Colleague: 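Here it is, the structure, as structure tokens.
This is a predicted model, so every value here is computed, not measured. The chain is numbered in sequence order, starting from 1.
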Amino acid sequence: MLRLRVTGHRYFPLGVALAASIGLMAAALGIYAPIFAAPWDVYDYADFLPLLVASSTFGEAFQAVSTFYAGHGRFQPLTHGLIALSWSLFG
């Protein structure tokens, strides 16, 4: 019987390791759910999602997000840039 060496003193049957791997992959697919095409959750981004939809370039998206957050007293240009970049690439 084939055995998979996990640590220096323990051995697990290959079937157990394979079943655990398949279970972890199934759990990851269930949590991540890549079959759904919804990279921008409406509930999390409902406030400034219309601003991103209206923007056509990275600069416009960055300005829209920065202006939106400035109204809330927040200034995080790196975070705003990542949001705008994500929208420009995947939105």
Colleague: Once side chain to side chain contact (heavy atoms under 4.5 Å, CB included) is applied, do any residues pair with Leu18, and if so which ones, sequence neighbours excluded?
Modeller: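 Per chain and number, Leu18 pairs via side chain to side chain contact (heavy atoms under 4.5 Å, CB included) with Ile22.
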Colleague: According to the side-chain hydrogen bond (donor to acceptor under 3.5 Å, both in side chains) rule, which pairs have a member within residues 68-80, sequence neighbours left out?
Modeller: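 The answer is Ser66-His80.
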Colleague: Using side-chain contact (heavy atoms from CB on, under 4.5 Å), reason through Leu85 and Phe62 one step at a time and then give a plain yes or no.
Modeller: CA-CA 8 Å; Leu85 181 65; Phe62 180 79; over 6 Å; no
Colleague: Which pair of non-hydrogen atoms, one from Leu49 and one from Trp87, has the smallest distance, and what is that distance?
Modeller: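 Taking every non-hydrogen atom into account, CD1-CZ3, 3.7 Å.
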Colleague: side-chain contact (heavy atoms from CB on, under 4.5 Å), that's the test. Do Leu89 and Phe58 meet it? Break it down for me.
Modeller: CA-CA 9 Å; Leu89 293 176; Phe58 169 78; over 6 Å; no
Colleague: Which pairs count as side-chain hydrogen bond (donor to acceptor under 3.5 Å, both in side chains) when at least one residue sits in residues 51-64, sequence neighbours excluded?
Modeller: Ser56-Glu60
Colleague: Just how far is it from atom CG of Leu24 to atom CG of Leu29, taken to the nearest 0.5 Å?
Modeller: 11.0 Å
Colleague: Carefully, step by step, assess Val65 and Leu51 under the rule side-chain contact (heavy atoms from CB on, under 4.5 Å).
Modeller: CA-CA 7 Å; Val65 172; Leu51 302 173; over 6 Å; no
